[in-house]
Amino acid sequence: MAITGRFVLLVFAALAPLLLFPAWATVLLTSAVLLALVLCDLLLAASPAKIALKRKDPGNVTLHAETESVLTLENGNRRTFRGMVRDAWQPSAGTVAPVQRIEIPAGERRRMSVQLRPTRRGDLTAPHVTLRSFGPFGLAARQRTVALPGRLRVLPPFRSKRHLPSKLRKLRELDGKAAVQIRGAGTEFDSLRDYVRGDDVRSIDWRATARRTAVVVRTWRPERDRRVVIMLDTSRTAAARIDDEPRLDTGMEAALLLAVLAERGGDRVDFFAFDRRVRGRADSAAKGNLLGSLVQAMAPLEAELIEMDWAQVPAQIRAVSAHRSLVVLLTSLDSGAPEEGLIPLVAQLVRQHVVLLGSVRDPLLGRMKEERTTASQVFRASAAERALLDREAVSAQLRQLGAEVVDAEPLELPPLLADAYIRLKAAGRL
C-alpha cells in the first residue's frame, strides 16, 4: 500500500507541471510529433547507397572555354529518390551550379550536367560526388559521399594563333609561293628573272645575261627541313606574374606560335621544358599533330621554385639534335642569374648553333619610369630605369656573342619572336 501511494505521488508530481502550465504539454506534444515525423522521414527516404553513379569525363578544354561534366544516376531503390547531388570539382574548375536538385523514380536513370569554365591551366580533379536523399516531408535527409574521380585537362589557350596567318604569308613569300623572292647566300636556287633596281649585284647570273639582252639575276628560296629546338624555362623565374599572367604562360604562347610556324615552314621542331630535369617534351618527327602534342605537353607544366641548371642544357639540346640548329631559349633576362649561367651557356651554344633568346619584359617598368610626380614615384622610376638598363646590358652581351635577342612585353613577344625566326630564315642563317 505504501508502494502504491508513493507511485501515485510520483505520477502526480510528474503531471502537476502539465496541469499548472498547459503550454508545456503543447510543447512536449509538438516535439514528440516532430520527432516522429523526422524518424518517419528518415525511414521513408531512399537510400543513397543504392544510387549507382557513372561519370563521363569532360576530357580536354582550353583555358577559359566551356565544357561539361556529366553524371548518370540510376536509382536501385523501391521508392523515388528525391534529393540533391553535388559534383565536387575544385574551385579553379569554375563550376556553374555544382549542386542540383534531382528526382529519380524507382528503377530509372537520370542525367546530371555540370557546366565547367576553368580559370587555371593544368589537370583539375573532382574526387567525389555527394548524395543527399530527403524524405517525403523534407524534414530530414540521408547523406553519402561516393568516391568517383573525375579529371579535366585545361590546355593553353594559344591566343597568339591570330598572328599565324600573317606570319605564314611571309613564309610563303620566302618560299617562292608568292611574287616576292629572296636573294642571298645559303639558300636554295629557285629561278631566274630580270634585274630590277635594288637587287643585289652579287645575284646577277652573268652567263644567262650574256645569252639575253637584259641583265638576269638568280632568285633563291630558303632551305627546308632545318632543325628548330625550343627550350622553355620552368625554373623559379617563370613563376613571376607579368600583366596578371605567369611568365611561364607567356613563354608557352611564344613557343606555340613559333613551333607551328616553323613546322609549316618545313622545319623539324623539337620542344622541351626544363629546369633541373625535363618536365615536358614534344616534337614533329612523328609527322602527327604537332600543335596537339605541344598543348598536351604544356598543360600540366608549373613553375618550379628551384634554380635553373644551365650546365645541363647543352646535353639536352644534343639529345634532340646533333646537327646545326636554331636553338630558341625562352627564359628570363633578370639581373643576377644571366651572368652566372645564361651568358656562358650562350657563348658555348653559338659555336655550333644559331641562338635566339626570347624574354618577356614587364610593361609596369615602362609605366613606372614615366611617373615622377611624388617622391615615392621618383624612387620607383629610378628602380625601373635601373632594371631596364640591366636588361639592356645583358641583351647587349648576348648580341655581342652572336645571339639574337627578343625582349618584349607579353602581347608583343610571340609575334616578334616569329618575326626574328623569319628574318633568320630569309638571311639563310638556318
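Predicted, not measured: the structure shown is a model, and the values here were computed from it.
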List the steps and the verdict of salt bridge (Lys or Arg N to Asp or Glu O under 4.0 Å) for Arg101 and Glu103. CA-CA 7 Å; Arg101 288 190 172 272; Glu103 184 173 321; over 6 Å; no

Indicate yes or no: does [X] engage [Y] in a salt bridge with an N to O separation below 4.0 Å.
X: Arg120; Y: Glu302; result: yes
X: Asp270; Y: Arg281; result: no
X: Glu404; Y: Lys425; result: no

Quick check for you: to the nearest 0.5 Å, what is the distance between [X] atom [atom1] and [Y] atom [atom2]?
X: Lys54; Y: Leu71; atom1: NZ; atom2: CG; answer: 12.5 Å
X: Thr67; Y: Gln115; atom1: OG1; atom2: CD; answer: 8.0 Å
X: Asp407; Y: Glu412; atom1: CG; atom2: CD; answer: 10.5 Å

From CA spacing to verdict: side chain to side chain donor-acceptor pair (under 3.5 Å), Gln90, Thr125: CA-CA 6 Å; Gln90 61 190 90; Thr125 58; 3.3 Å; yes

Test log, rule side chain to side chain donor-acceptor pair (under 3.5 Å), inputs Arg268 and Ser321: CA-CA 10 Å; Arg268 176 175 171 176; Ser321 175; over 6 Å; no

Leu342, Leu232, Asp233, Val229 screened by side-chain contact (heavy atoms from CB on, under 4.5 Å) with Leu329, the one that passes: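 Among the candidates, only Leu342 passes.
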
Just one of Asp390, Val406, Val405 clears the side-chain contact (heavy atoms from CB on, under 4.5 Å) bar with Ser395, so which one?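 For Ser395, the side-chain contact (heavy atoms from CB on, under 4.5 Å) check succeeds only for Val405.
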
Apply side chain to side chain donor-acceptor pair (under 3.5 Å) to residues Thr234 and Asp275 and explain how you reach the verdict. CA-CA 5 Å; Thr234 56; Asp275 41 67; 2.6 Å; yes

Asp123 vs Arg151, test: salt bridge (Lys or Arg N to Asp or Glu O under 4.0 Å). Steps then yes/no. CA-CA 7 Å; Asp123 290 331; Arg151 175 180 169 275; 3.5 Å; yes

More than 12 heavy atoms of other residues, nucleotides or ligands under 6.0 Å from CZ of Arg117: is that the case?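 Open.
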
What's the verdict on side chain to side chain donor-acceptor pair (under 3.5 Å) for Thr145 and Thr130, showing C-alpha distance, side-chain angles and the deciding distance? CA-CA 4 Å; Thr145 297; Thr130 300; 3.3 Å; yes

Hey, are the side chains of Val295 and Thr62 touching, using non-hydrogen atoms and a 4.5 Å cut-off? no

Heavy-atom check, side chain of Thr237 versus side chain of Arg247, under 4.5 Å: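 Thr237 vs Arg247: side chains touch.
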
Got a donor-acceptor contact below 3.5 angstrom from the Glu253 side chain to the Phe158 backbone? yes

